[in-house]
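One structure is given here, and the rest of the page talks about it.
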Amino acid sequence: YGAYIATRHLLDLGHRKILYLDHASAHPVMIYRFTVHHALIQGYRLALQEAGIAENEMFHFETLDPSQDRKRLQELLSDQSKRPTAIFGADCRLLDNYDVIRETGLSVPNDLALVGYYNLERGAHFEVPLTSVSIKEKELARIAARKILDANGPRERITVKPELIVRESCGSRGR
């Protein structure tokens, strides 16, 4: 749901070329379906499909090598015909690659909107504060502690709905 609301927000701002920057999964295919990576890509795809964006128009890349990520991102951002207008990915990936954006002469949010995932503290205080999906860790921890302390309580599935924290990094109206 978090990836869906992040991508939906970018679509609502007018972006149609949204890159999903992901960590590569080292999991075998059978296990991958149960990872955060799989859930995030599904939310991203669902939002784009609802907006009428075909699978072949979606931007997505992942590697296990950060230097490869930097190189591929630099190539993509340097090619005006392929360049996305927005990037969605984990906060750490966006913040760690921010200098690549600067090196290509682009500015956030004027040329490129960014939306992260996990709502890391450093993203909120970055030079352009990062819009990000909060997974509400404190609320999750409080609920988990209560469940552990009440070991004899009923078993139940708990859902904590992620929330989009809108900051300056997605201020571009998109194209």
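Between A124 and P129 the shortest heavy-atom distance is O-CB, 3.6 Å. Closest approach of V166 and H9 over heavy atoms only: CG2-CE1, 3.9 Å. Contact between V108 and S169 at its shortest, heavy atoms only, is CG1-O, 3.6 Å. Of all the heavy atoms in S81 and K17, the pair that sits closest is O-NZ, 3.2 Å. Nearest heavy-atom pair, G2 versus P162, reported as atom, atom and distance to 0.1 Å: N-CG, 3.9 Å. The two atoms that bring G89 and L94 nearest to each other are O-CD1, 3.7 Å, heavy atoms only.
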* Decide yes or no on side-chain contact (heavy atoms from CB on, under 4.5 Å) for V160 and I135, but give the supporting numbers first. => CA-CA 8 Å; V160 176; I135 60 171; over 6 Å; no
* **Derivation and outcome, side-chain contact (heavy atoms from CB on, under 4.5 Å), residues L112 and S107** => CA-CA 6 Å; L112 190 64; S107 71; over 6 Å; no
* Run the salt bridge (charged side-chain N to carboxylate O under 4.0 Å, His left out) check on D99 and R70 step by step: do they pass? -> CA-CA 9 Å; D99 59 326; R70 296 177 64 77; 2.7 Å; yes
* To do: Show your working on side-chain contact (heavy atoms from CB on, under 4.5 Å) between E156 and I158 and close with a plain yes or no.
  => CA-CA 6 Å; E156 59 184 309; I158 305 294; 3.7 Å; yes
* To do: Tell me, with the steps shown, if T104 and Q74 meet side-chain contact (heavy atoms from CB on, under 4.5 Å).
  => CA-CA 7 Å; T104 57; Q74 189 168 38; 4.1 Å; yes
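Taking the side chain as every heavy atom from C-beta outward, L11 and I53 approach each other to under 4.5 Å. By the 4.5 Å heavy-atom criterion applied to side chains, S132 and L164 are not counted as neighbours. Contact check for L114 versus Y98: side-chain heavy atoms found under the 4.5 Å cut-off. Looking at heavy atoms from C-beta onward, L73 lies out of side-chain contact with K71 at the 4.5 angstrom threshold.
Looking at E139 and K161, no side-chain N of the basic residue comes within less than 4.0 Å of a carboxylate O on the acidic one, giving no salt bridge. Checked for salt-bridge contact, R122 and D91 miss the test: no charged N lies under 4.0 Å from a carboxylate O. Salt-bridge check for D12 with R8: passed, with a basic side-chain N closer than 4.0 Å to an acidic carboxylate O.
A perpendicular orientation is assigned to the rings of F88 and Y117, their planes being inclined by more than 60° (bins at 30° and 60°).
Note that the CG atom of L106 and the CZ atom of R102 stand 12.0 Å from one another [nearest 0.5 Å]. For the atom pair CG of L130 and SG of C92, the computed distance is 10.5 Å after rounding to the nearest 0.5 Å. R72 CZ to L77 CG: the interatomic distance, rounded to the nearest 0.5 Å, is 12.0 Å. Rounding to the nearest 0.5 angstrom, the gap separating the CG atom in L10 from the OG1 atom in T85 is 7.5 Å. Note that the CD atom of E168 and the OG1 atom of T131 stand 8.5 Å from one another [nearest 0.5 Å].
A single hydrophobic cluster is not seen to contain both Y1 and I143; linkage of ILVMFWY side chains at heavy-atom distances under 4.5 Å, directly or through other members, places them apart. Using a 4.5 Å cut-off between side-chain heavy atoms of Ile, Leu, Val, Met, Phe, Trp and Tyr, with links allowed through other members, L120 and L140 fall into different hydrophobic clusters. Under the 4.5 Å side-chain heavy-atom criterion for Ile, Leu, Val, Met, Phe, Trp and Tyr, V128 and I165 are members of distinct hydrophobic clusters.
With hydrogens and angles left out, the side-chain atoms of Y4 and E50 include a donor and acceptor closer than 3.5 Å.
Judged by distance alone, with hydrogens and angles left aside, the side-chain atoms of Y44 form a donor-acceptor pair with the main-chain N or O of I18 at under 3.5 Å. Between the side chain of N97 and the backbone N or O of R93 there is at least one donor-acceptor pair closer than 3.5 Å.
For K147, the NZ atom sits in a packed shell: over 12 heavy atoms of surrounding residues, nucleotides or ligands are nearer than 6.0 Å.
Residue N119 is tested with K136, R167, E137, E163 for a side chain to side chain donor-acceptor pair (under 3.5 Å); the sole match is R167.
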